[in-house]
Amino acid sequence: MKNYLFDLFTSVKEKFDISDDTEINFDIPKIESHGDYSTNIAMLLAKKLKKNPRDLAHEIIYSLEHDLAVISKVEVAGPGFINFFFNPDYISRSVKEILEKGAKFGKTETNLGKKALVEFVSANPTGPLTVGHGRNAVSGDTMANLLEATGYKVDREYYFNNAGRQMRVLGNSVRLRYLELLGEQVEFPEDHYQGQYIIDIAKGLLEKNGDTLKNEDAEGIFKDEAEKVIFEDIKKTLGRLGIKHETFFNENSLYEEGKIESLLNTFKERGLSYEKDGAVWLKLSDLGNEKDKVIVKNSGEPTYRLPDIAYHATKFDRGYDFIVDLFGSDHTATYPDVLAALSELGYDTEKVKVMIHQFVTIIKEGKAVKMSTRKANYITLDELIDWVGSDVVRYFFNMRAVSTHLNFDLDLAVKHSEENPVFYLQYAHARICSIIRMTTEQGLSASSENLTLLSTEEEQKLIKKLLFFPDAVENAARVLDAVVLCAYLEELAAAFHKFYTVCRILGSEERLASARLALVNAVKLVLANGLALLGVSAPERM
RNA sequence: GGGCCCGUAGCUCAAUCGGAUAGAGCAUCAGCCUUCUAAGCUGAGGGUUAGUGGUUCGAGUCCACUCGGGCUCGCCA
């Protein structure tokens, strides 16, 4: 429907000399009596052309050459809106096109031929993924799905660091627990990793090696084993959510390939860095940021900032047209430095979209749980999946705007999990599958022959909702937030459930029953396509 | 104190790039199953969109300030 309007307005654009920077928008009015679509173009142009918006709207309508079989009524309303009413027969017939497009319905080719990179999760292998990582993982994967739906070839990437202080502490944590298991009296420092998983790793080493590791260094087998076990665990957890990264980018490779050194030289040559107090500083204050930051410590070890910049440079060098970084709000302060440096190095930072998701607050027994990886008083993502299942976890994280704080009441999620909106969507899908099974038994089949029989209010509303699906996907991809898609799918499911209670298939006259079956098939298709983008299953039975 | 995010119904959240009368779910109350899944549908109540001012034909949305909450401001990542 929208495309028809755009085509219709190409001639208007010429006639009224509308420049390209004035976009024509078609919105779906909240109130039904305002039509199927509405445009505010007359009001936008009124000032420029120094005309009364309503008069201008009438002029525009007069110049429109629309097919009455498509648009049955056009009117001027309110301060100057132009409202379009589509012909019900035209709406009904469009069910056929949805079915023909099948799994492709909802996808666009806007970004065909372009490459995008989504970096997400990127948790260092120091412990199991927490609920907070879960939000990042789900949002990132869904963003990637949405970008793919608009034509991008998307790579999902996980950036990690298996060197440095954090990992040394990890190795030593395992070593100390190992010695403890051997009966040695050890003092376990407070700043070491306290979790049970450290003890489990130590036990594993003890079983395999006995006491032969007694005199090994923390950074040797202890660190390596911890990293290996934890990473396997992380991948397994992500796998349970259907998440698979194309690449795991190891920070260490930047050193091995000399990227760090060459970047350091570049900064030096350009006079962007200087030495002070035995450390190397980056002149970020010259690049419009607040203050200079250390990039190489006086110990000779780079800070995370330097590899971060080098890493992001590779994203450009690898030829991505669109680069998405997703991280938690605790990293807000780091990205302006990286972007400023990249920009100075000549990279087009417009290609980078930094998404910050706010924290997840876990409410357990009515109280917020303070989470700390080191102290191990957190709820792991695995536990959450055990509790409520992958579908609920994915939907729950997708259904809230990325930029808002998310309260996750565990007790409520467990207790009322059946009332979760995800079941509402899945139930609609399962219901449709049931209808198809029952009607097939009765020898009925779907047909696009008599779609114009779909004329009741419930049918018309349902079809219009279906037709809006590509817009919903596009909107969600534009803002990189699945919340848009969730809201749409809930509306679609609601429209279907209403249709279901009013419009019977079994017992209806055969041509109508076949047309309704076609509609129901289209709803099933859109629900399945939408849920697939969210990474949520579409069950045949519930 | 500076920067970023948030504040919408009792609770959790929507509101398609600034559009017309701010919507759902949960909870509460009142109805609907001899027929395709009641995990559903129908109806009722519930709001000064934290506050004040501004921008304009039009603001929950944009700007300024105030209040409240979160994150952050390391030679940690």
Side-chain angles (χ1 to χ4, degrees), chain A residues 23 25-31 33-34 38-40 43-44 46-47 52-53 77-81 83 122-124 126 160-161 164-166 251 277-281 290-291 293-299 301-305 307-308 328-336 356-359 361 399-409 412 416 418-421 423-424 426-428 430-439 441-442 444 468 471-472 474-476 478-479 483-484 486-488 490-491 493-494 496-498 500-508 513 516-517 520 541-542:
Chain A
E23 259 182 86
N25 285 316
F26 297 102
D27 291 326
I28 296 179
K30 286 179 196 156
I31 295 160
S33 60
H34 293 156
S38 165
T39 183
N40 60 355
M43 287 180 287
L44 292 179
K47 194 175 241 178
N52 174 302
F81 290 104
N83 295 338
S122 295
N124 285 340
T126 59
F160 71 100
N161 173 16
R165 202 193 73 89
Q166 265 192 331
E251 180 188 312
D277 303 332
V280 182
W281 295 69
E290 212 176 328
K291 49 186 168 186
K293 299 275 173 65
V294 170
I295 48 175
V296 181
K297 301 182 228 175
N298 58 19
S299 66
E301 220 178 354
T303 64
Y304 67 89
R305 228 176 312 268
D308 256 18
S329 59
D330 53 337
H331 286 242
T332 356
T334 75
Y335 76 89
I356 307 280
H357 69 84
Q358 295 299 310
F359 267 43
T361 307
M399 70 188 280
R400 302 290 179 235
V402 172
S403 65
T404 63
H405 300 270
L406 174 58
N407 282 323
F408 200 132
D409 189 328
L412 204 71
H416 296 298
E418 294 191 2
E419 287 160 11
N420 192 299
F423 293 104
Y424 185 73
Q426 292 182 315
Y427 184 59
R431 253 187 167 176
I432 292 171
C433 292
S434 175
I435 291 173
I436 293 169
R437 279 193 301 271
M438 298 300 282
T439 49
E441 267 177 38
Q442 306 263 328
L444 278 170
F468 188 65
D471 286 354
E474 202 182 287
N475 290 341
R478 192 186 65 237
V479 297
V483 69
V484 174
C486 291
Y488 165 79
E490 285 173 38
E491 286 168 17
F496 165 73
H497 287 305
K498 279 173 193 168
Y500 177 87
T501 50
V502 178
C503 304
R504 310 290 303 177
I505 292 174
L506 287 178
S508 290
R516 282 181 173 167
L517 264 178
V520 151
R541 294 171 201 270
M542 280 175 79

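Convention: sequence-line order gives letters A, B, ...; per-chain numbering from 1. On a predicted model such as this, the values are computed, not experimentally measured, just so you know.
Both A:Asp330 and A:Phe26 lie close to RNA chain B; mapped to their nearest nucleotides by heavy-atom distance, the more 5′-ward contact belongs to A:Phe26. Between A:Tyr427 and A:Ala333, the residue anchored closer to the 5' end of RNA chain B is A:Tyr427, taking for each the nucleotide with the nearest heavy atom.
For B:C75, the base has a donor-acceptor partner in the side chain of A:Asn298 [N/O atoms by modelled type, under 3.5 angstrom]. The base of B:G19 is not paired with the side chain of A:Asp27 by any donor and acceptor separated by under 3.5 Å. Donor-acceptor pairing under 3.5 Å, judged by distance alone, is absent between the side chain of A:Thr334 and the base of B:A77.
Rounded to whole Å, atom C1' of B:A39 lies 9 Å from atom CZ of A:Arg431. Regarding A:Gln426, its CD atom lies at a distance of 15 Å from the C1' atom of B:G40, rounded to whole Å. We find that CH2 of A:Trp281 is positioned 9 Å from P of B:G74, with the value rounded to whole Å. Between the CZ atom of A:Arg400 and the P atom of B:C6 there is a distance of 16 Å, rounded to whole Å.
Between A:Tyr500 and B:A38 there is a side-chain polar atom (N or O) within less than 4.0 angstrom of OP1 or OP2. Side-chain N/O atoms of A:Thr501 include none lying less than 4.0 angstrom from OP1 or OP2 on B:G40. Remark: A:Lys291 is not in phosphate contact with B:G2, judged by side-chain N or O atoms under 4.0 Å from OP1 or OP2. A:Lys498 has a side-chain polar atom (N or O) that falls below the 4.0 Å cut-off from OP1 or OP2 of B:U42. An OP1 or OP2 oxygen of B:C41 is reached within less than 4.0 angstrom by a side-chain nitrogen or oxygen of A:Tyr424.
Nearest to the side chain of A:Arg478, among B:C13, B:C5, B:C17, sits B:C17. The listed nucleotides are B:U37, B:G70, B:C36; the one nearest the side chain of A:His405 is B:G70. Among B:C75, B:U37, B:C76, the nucleotide with an atom closest to any side-chain atom of A:Ala279 is B:C75. Here B:U37 is the nucleotide among B:U16, B:A77, B:U37 with the atom lying nearest to any side-chain atom of A:Ser434. The nucleotide whose nearest atom lies closest to any side-chain atom of A:His497 is, among B:C41, B:A15, B:C36, B:C41. Closest contact between the side chain of A:Met542 and the listed nucleotides B:A20, B:A77, B:U37 involves B:U37. Distances were taken from every side-chain heavy atom of A:Thr404 (C-beta onward) to each of B:U16, B:A14, B:C71; the shortest belongs to B:A14. Candidate nucleotides B:C71, B:U21, B:C41 were compared by shortest atom distance to the side chain of A:Ile31, and B:U21 ranks first. Checking B:C41, B:U16, B:A20 against every side-chain atom of A:Asn475, the shortest atom distance belongs to B:U16. Checking B:C13, B:C36, B:C57 against the side-chain heavy atoms of A:Leu406 singles out B:C13 as nearest.
A:Tyr335 is not listed as a side-chain neighbour of A:Asp308, based on a closest heavy-atom distance of 4.5 Å or more. Within the 4.5 Å cutoff, side-chain heavy atoms of A:Asn40 are placed close to those of A:Phe81. Looking at heavy atoms from C-beta onward, A:Leu517 lies in side-chain contact with A:Thr439 at the 4.5 angstrom threshold. The shortest distance between side-chain heavy atoms of A:Cys433 and A:Arg541 does not fall below 4.5 Å. Annotation: side chain of A:Lys297 is in contact with side chain of A:Thr303 (closest heavy-atom distance under 4.5 Å). For the pair A:Pro79 and A:Met43, the minimum side-chain heavy-atom distance is below 4.5 Å.
Nucleotides B:U12 and B:G54 place their C1' atoms 33 Å apart, quoted to the nearest Å.
Within the 4.0 angstrom heavy-atom criterion, base atoms lie near A:Ala430.
Taking the syn range as angles within 90° of 0, the glycosidic angle of B:C41 is outside it, so the base is anti. Classified by its glycosidic torsion, B:C33 falls in the syn category, the angle being within 90° of 0.
A stacking contact links A:Phe81 to B:A20: the aromatic ring centre lies within less than 5.5 Å of the base's six-membered ring centre, and the planes differ by less than 30°.
Applying the side chain to side chain donor-acceptor pair (under 3.5 Å) test to A:Asn83 and every residue at least two apart in sequence or in another chain returns A:Ser38.
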